[in-house]
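Working notes for the structure below.
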Amino acid sequence: AGFNTAMEAQRNTARAAGKFKMDAALSYEGDKTVFHGYTELSHAAKVLALYQGGSPVSSLTAGDTGVVVLDHTPFYAESGGQAGDQGKIGAFEVNDTTKIQADVFGHHGCLASGTLKLGDAVEAKVDVTRRSRTVRNHSATHLMHKALREVLGAHVQQKGSLVDADKTRFDFAHSEAMTAAQIAQVEELVNQEILANAPTQARLLPIEEAKKTGAMMLFGEKYGDEVRVLDIGSSRELCGGTHVHATGDIGLFKITSEGGVAAGVRRVEAVTGMNALAYVQTQVAALDAVASALRAPVSEVTQRLLLLQEQVRASEKEVARLKAKLAASAGDDLLNKVSLVAGVKLLAAAIEGGDAKSLRDTVDQLKNKLGSGVVLLASQVDGKVSLCAGVTADLLGKYKAGELVSLAAAACGGKGGGRPDMAMAGGTQVDKIDDALACAALYLSR
């Protein structure tokens with residue numbers, strides 16, 4: 001239980017805090033880390049350095065969280081938008097891998113049992129399932145980038161990316177939202193590449209020679225003298241990440257969202273492999289549930305929903321008409337409650353279940369029927385008080401509906417206001433409705 005608690009705390013810390021800043025602060029002057037992760041997912045290694053709380057230590061014991069530096073590793077360190085690998089170094093549970101220096105990898109995690117010391121010989125093993133899901137998403141990102149340029153235009157340029165085991169998130173230069181047809185076209189192009197099952201090829205070339213291959217280079221990215229040219233399907237880019245052996249390994253590609261993140265920058269999120277299958281199955285299940293609720297085949301769901309919307313709109317109009325009719329009838333009955341205060345006709349009363357619109361309509365009708373006077377109506381809806389006040393035009397020089405409704409609202413725990421001739425307010429104390437209505441006579445008698 002203690003280990004699981006510590007592991008979760010470490011994961012949260014790694015996500016919330018700036019990992020890059022923390023790594024850069026680690027003091028290290030030893031040998032470089034030799035990376036074997038392009039071809040191997042496990043490798044023998046020796047512990048070169050250990051850190052706990054940002055400081056170098058000689059050992060870690062069970063339950064300790066820290067960072068391990070190895071002489072050799074199959075773990076990919078977070079860079080180029082691809083998340084770092086997870087896995088195990090002996091009993092050390094790795095939950096993230098980052099770069100301490102350009103060629104020094106830091107393995108972040110927690111020691112599940114035993115002791116880990118400097119110089120220990122260990123076996124470093126990458127989480128194969130997680131790595132496979134990540135490389136599917138990464139390779140699909142390259143294919144998607146090319147497809148976006150084909151569908152939207154050559155102005156599309158990568159502005160950022162995040163690739164992990166769950167999804168690929170890709171930001172690119174484009175000035176307007178993609179249409180459903182454009183999204184479908186991108187999906188079709190990528191899945192055609194996947195079905196072609198073309199082998200992936202990676203070459204290390206001098207930067208000038210790489211430029212001659214026509215490989216896509218990211219604007220603003222800093223490249224060394226030697227770069228890795230990656231061919232995936234019809235895509236050719238410079239990339240140091242890990243990838244599938246052939247495009248068919250991606251399995252299935254599905255865009256899940258598209259939206260704007262900044263001026264002239266759009267963001268697409270997509271899933272691949274079993275994640276894509278799970279997404280499609282969830283969408284199909286939701287559609288089936290809607291079809292079942294509508295008692296219609298899936299092919300008729302859209303038509304049935306449109307028909308249902310028309311019926312709802314027609315019903316809403318009929319309800320509004322009936323409410324207006326009821327308000328008019330209620331208004332006639334309320335005229336029997338008119339009193340004379342300070343020489344002014346006053347109607348202050350509560351009505352049943354009146355919403356804001358019906359209250360306003362009723363006050364308007366009562367003002368017309370009174371000819372000259374002041375009206376204050378109250379109703380109780382969902383445990384709250386609604387108030388509406390009205391003053392006829394001839395009395396506006398002396399009385400204001402906004403002032404009256406504000407006083408009434410204060411009496412029942414609320415506030416509100418509005419125009420001199422018509423004002424609305426609300427309150428929270430339904431047991432004080434009578435007190436609120438009594439404010440009308442006090443207002444006129446001031």
Side-chain angles (χ1 to χ4, degrees), residues 37-39 41 76 80-83 128-158 161-172 174 178-205 209-218 227-258 266 268-281 283-284:
Y38 290 133
T39 57
L41 292 176
Y76 181 82
Q82 180 177 333
V128 176
T129 300
R130 188 175 182 84
R131 164 72 85 83
S132 297
R133 289 163 58 187
T134 301
V135 299
R136 281 195 288 267
N137 288 334
H138 196 170
S139 296
T141 304
H142 284 244
L143 299 178
M144 177 172 65
H145 187 186
K146 187 172 188 302
L148 285 167
R149 289 172 62 84
E150 290 183 26
V151 173
L152 301 179
H155 64 278
V156 169
Q157 296 287 338
Q158 180 176 333
S161 68
L162 173 63
V163 178
D164 56 26
D166 299 322
K167 66 184 181 305
T168 173
R169 190 180 75 198
F170 187 76
D171 296 347
F172 60 97
H174 189 56
M178 294 177 65
T179 65
Q182 289 170 334
I183 291 174
Q185 190 176 354
V186 170
E187 289 178 337
E188 182 177 348
L189 289 172
V190 174
N191 282 294
Q192 284 176 352
E193 296 261 29
I194 292 171
L195 288 173
N197 198 28
T200 299
Q201 181 186 23
R203 295 170 287 165
L204 285 175
L205 298 174
E209 188 176 337
K211 290 179 180 179
K212 295 176 183 178
T213 68
M216 174 74 68
M217 301 179 68
L218 301 183
V227 293
R228 191 165 180 257
V229 179
L230 192 72
D231 288 290
I232 302 178
S234 61
S235 167
R236 176 172 291 169
E237 292 189 37
L238 301 189
C239 181
T242 56
H243 289 276
V244 296
H245 298 296
T247 58
D249 296 342
I250 297 171
L252 174 65
F253 171 83
K254 185 76 179 74
I255 292 175
T256 58
S257 68
E258 189 275 346
R266 307 297 297 179
V268 169
E269 291 194 359
V271 288
T272 62
M274 297 305 293
N275 286 342
L277 176 61
Y279 176 83
V280 170
Q281 288 176 331
Q283 297 295 303
V284 170

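As a basis for the values below, the full set of heavy atoms in this structure was taken, side chains included, without hydrogen atoms, waters or symmetry mates.
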Shortest non-hydrogen contact from [X] toward [Y]:
{"X": "Val229", "Y": "Ala215", "answer": "CG1-CB, 4.1 Å"}
{"X": "Thr272", "Y": "Asn137", "answer": "OG1-OD1, 2.6 Å"}
{"X": "Asn197", "Y": "Gly248", "answer": "OD1-N, 3.0 Å"}
{"X": "Ala270", "Y": "Phe253", "answer": "CB-CE1, 3.5 Å"}
{"X": "Gly233", "Y": "Ala198", "answer": "CA-CB, 4.3 Å"}
{"X": "Ala202", "Y": "Leu230", "answer": "CB-CD1, 3.7 Å"}

Is the side chain of [X] donor-acceptor paired with the backbone N or O of [Y] at a distance under 3.5 Å, no angle test?
{"X": "Glu193", "Y": "Ser234", "result": "yes"}
{"X": "Thr213", "Y": "Glu209", "result": "no"}
{"X": "Asn275", "Y": "Ala165", "result": "yes"}
{"X": "Arg228", "Y": "Gly241", "result": "yes"}
{"X": "Thr256", "Y": "Glu269", "result": "yes"}

Separation of [Y] [atom2] from [X] [atom1] (nearest 0.5 Å):
{"X": "Arg203", "Y": "Leu238", "atom1": "CZ", "atom2": "CG", "value": "10.5 Å"}
{"X": "Lys254", "Y": "Asn191", "atom1": "NZ", "atom2": "CG", "value": "9.5 Å"}
{"X": "Asp164", "Y": "Arg130", "atom1": "CG", "atom2": "CZ", "value": "6.5 Å"}
{"X": "Phe172", "Y": "Met144", "atom1": "CZ", "atom2": "CE", "value": "8.0 Å"}
{"X": "Ile232", "Y": "Ile250", "atom1": "CD1", "atom2": "CD1", "value": "7.0 Å"}
{"X": "Arg169", "Y": "Ser257", "atom1": "CZ", "atom2": "OG", "value": "10.0 Å"}

Beyond-backbone contact of [X] with [Y], side-chain heavy atoms, under 4.5 angstrom:
{"X": "Met178", "Y": "Arg266", "result": "no"}
{"X": "Leu152", "Y": "Gln182", "result": "yes"}
{"X": "Val271", "Y": "Asp166", "result": "no"}
{"X": "Leu252", "Y": "Ile194", "result": "no"}
{"X": "Arg149", "Y": "Met216", "result": "yes"}
{"X": "Phe170", "Y": "Leu148", "result": "yes"}

Side chain to side chain contact (heavy atoms under 4.5 Å, CB included) with Val135: which residues, sequence neighbours excluded? Arg131, Thr242, Val244
Got a sec, which pairs hit ring-ring contact (aromatic ring centres under 6.0 Å, His included) with one end in residues 227-247, sequence neighbours left out? His138-His243, His142-His243
All pairs passing salt bridge (charged side-chain N to carboxylate O under 4.0 Å, His left out) where residues 236-249 contributes a residue, at least two apart: Asp231-Arg236
Before giving the answer on side chain to side chain contact (heavy atoms under 4.5 Å, CB included), spell out for Val280 and Gln283 the whole-Å C-alpha distance, their side-chain angles and the decisive distance to 0.1 Å. CA-CA 5 Å; Val280 170; Gln283 297 295 303; 5.7 Å; no
